[in-house]
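Whatever order the structure lists them in is the order used to number ligands and atoms, beginning at 1. Basis for what follows: all heavy atoms, side chains included, without hydrogens, waters or symmetry-related copies.
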Amino acid sequence: MTECDVLVIGGGATGGGIALDLALRGVRVVLVERADLTDGTSGRYHGLLHSGGRYAVRDPESARECIEENRVLRRIAPHAIEDTGGYFVVTPHDDPDYADMWMIACRACGIEVEEISPAQALREEPALNPQISRVFRVPDAACDSFDVLNSLAAAIELEGGTVMTYHGVIALQKEYDRVGWATVRDARTGEQREIAARMVVNAAGAWAGQIAGMAGCQVIVRPSKGTMVAMAYRFVNTIINRCHPPGDGDILVPVGTVAVIGTTSVTVPDPNETGVEAWEVQKMLDEGEKIIPGFSKVRALRAWAGVRPLYEEGHSAEGREAKRTFAVLDHATRDGVAGLVTVVGGKFTTYRLMAERAADVICAQLGEVASSRTANYVLPNALDPHAPPKPHWPGHRLLDVETSSGFDPLICECELVSRSQLEQTAREHPDIGARWALDDLRRDLRLGMGPCQGGFCSYRAGGVLHAAGSMNAAQANVAVSDFAQRRWKGQWPLLWGQSLRQALLDEHIYRAVLGLDRLADLSLAVITNEASHRNE
Ligand SMILES: Cc1cc2nc3c(=O)[nH]c(=O)nc-3n(C[C@H](O)[C@H](O)[C@H](O)COP(=O)(O)OP(=O)(O)OC[C@H]3O[C@@H](n4cnc5c(N)ncnc54)[C@H](O)[C@@H]3O)c2cc1C
């Protein structure tokens with residue numbers, strides 16, 4: 001049995017933040033995540049480091065939290081943030097009276113707002129709708145959640161903690177009225193083990209209700225699905241928000257070489273329901289057109305959805321009506337179950353604050369007196385300590401490749417991932433073969449995230465990893481098949497024009513030429529057979 005002071009459940013921003021906060025206070029911490037880090041909502045979010053402007057009118061508490069944490073994250077995670085700045089724009093479709101009320105509310109929350117002329121905004125962002133009547137500048141920014149979580153994991157381990165990905169909690173065990181240990185299952189091998197802890201933290205986001213239920217507690221999380229669409233063109237260098245009460249498809253975020261429009265807000269019964277519906281895609285395109293004329297004519301690359309972990313104790317508000325602040329629930333006082341704390345709600349932008357508040361509650365119960373250090377702890381740039389600070393100008397990765405000695409061959413041309421980068425990252429994940437997870441490398445390197453959506457790079461990546469000894473042949477076949485399936489999930493809602501042509505080409509490469517579906521079935525049978533021989 002593994003033993004620790006605190007077991008943190010959930011490898012999203014909240015869980016990662018809590019584990020680091022505790023490790024920095026000298027607490028022995030283990031973080032478990034059932035898949036890869038950011039596999040939940042943190043890896044499916046819109047990418048906006050909020051200034052708080054969006055919430056200033058209806059939810060000032062969240063707005064204040066956002067602007068304060070926005071300033072902190074710029075200090076501690078500069079490598080993950082592109083300081084794009086943000087505009088709130090009044091389009092002909094917005095109530096012009098809202099803007100003055102909004103500006104007063106922002107100032108009351110401490111958010112810096114500067115009104116600029118539409119002419120100046122159009123000089124800075126010529127693709128914007130020329131009919132905009134007012135424009136306000138706010139300190140929004142774009143934030144890469146994969147970078148943040150990789151850095152959090154590196155920092156947790158640096159500070160003596162343990163991060164276990166692909167280990168899902170399947171049961172919490174109580175002794176009398178105290179949660180004492182958890183049973184976790186290795187998602188790939190099926191092996192089970194127990195982790196004993198003085199305290200358990202439930203940071204499972206939209207799944208927090210399920211974890212609380214394992215200890216006999218009820219936490220009602222209202223999962224709200226939001227769909228986003230990545231367009232194959234970076235229309236703007238500034239984040240654009242519509243200046244109106246929060247609605248669907250009213251934020252456009254430039255991310256690397258693309259721009260992401262979002263989101264919808266649909267209450268779903270199950271947090272695993274992340275399917276994208278046709279009306280959601282159409283809505284995003286229609287709303288995008290109001291911000292950028294001609295928006296819907298550009299190729300849409302990928303559609304995906306995440307699920308907000310909305311929570312308001314004792315309230316039944318759902319979707320956009322629910323507040324975006326967070327709660328730390330001490331189940332000892334709330335439900336008479338000691339040793340368990342749940343942290344739920346909030347935003348990616350406020351993860352550090354949520355973590356600090358949760359760690360305060362936990363440390364008080366453990367008798368630890370150290371206070372939080374995360375507001376001034378600069379996160380290590382885990383994957384690439386030599387990377388230039390953001391913004392990346394679109395050509396910077398190409399320049400890197402072209403000027404590196406030996407002109408490293410490109411495996412993913414869309415995102416400029418080179419062979420040596422792929423091999424190096426695979427070496428950092430020694431269990432990548434057993435996990436057959438090219439998708440984990442995508443999160444690290446952006447492999448397969450460009451216009452071909454993995455069409456040309458998946459099979460190359462499988463071959464390179466096999467040649468490098470990171471995967472055997474069967475594992476590589478299953479990995480390529482799994483990756484192609486995952487990429488397909490984001491393509492199918494967009495099957496028209498260029499995306500349809502690309503999808504048909506991919507279908508021919510993978511099914512007709514490589515026979516991948518059959519190959520993957522056979523390879524999976526080989527892997528299962530080998531595993532059962534090992535277990536005999
Ligand atoms: C569409 C959308 C857009 C958003 N845009 C923004 C934005 O632009 N800016 C912003 O600040 N916020 C945004 N948010 C909100 C933000 O993404 C979330 O509030 C935040 O990511 C939640 O992080 P979390 O760690 O609490 O949850 P998650 O990231 O979901 O982490 C919970 C983890 O728990 C794991 N887990 C579940 N069950 C188990 C188990 N049994 N055992 C082990 N692990 C388990 C899951 O796999 C998951 O990885 C957005 C949310 C959505 C849905």
Under 4.0 Å from a heavy atom of [X]: give me the atoms of ligand 1 that qualify, with their elements.
X    : value
G12  : 25 (O), 29 (O), 31 (O)
G205 : 26 (O), 27 (O), 32 (C)
I211 : 40 (C), 41 (N)
V307 : 53 (C)

Inset, instruction - Please determine if S224 has a nitrogen or oxygen closer than 3.5 Å to a nitrogen or oxygen of ligand 1. - result: no
Inset, instruction - Name the closest protein heavy atom to atom 30 (O) of ligand 1, giving the residue it belongs to and the distance to 0.1 Å. - result: T41 N, 2.9 Å
Inset, instruction - Quick one: look up the protein heavy atom nearest atom 6 (C) of ligand 1 and list residue, atom name and how far away it is. - result: Y45 CD1, 3.3 Å
Inset, instruction - Look only at the side chain of S151 and the backbone of P380, and say whether a donor-acceptor pair between them is shorter than 3.5 Å. - result: yes
Legend entry - Any donor-acceptor N or O pair under 3.5 Å, side chains Y166, D440: yes
Inset, instruction - Ignoring hydrogens and angles, state whether a donor on the side chain of T263 or R308 is under 3.5 Å from an acceptor on the partner side chain. - result: yes
Legend entry - Pairs meeting criterion salt bridge (Lys or Arg N to Asp or Glu O under 4.0 Å) with involvement of residues 276-286, two or more places apart: K225-E280, K283-E287
Legend entry - All ring pair (Phe, Tyr, Trp, His ring centres under 6.0 Å) counterparts of Y87, not counting sequence neighbours: none
Inset, instruction - Using non-hydrogen atoms of the residue, decide whether M228 is closer than 4.0 angstrom to ligand 1. - result: yes
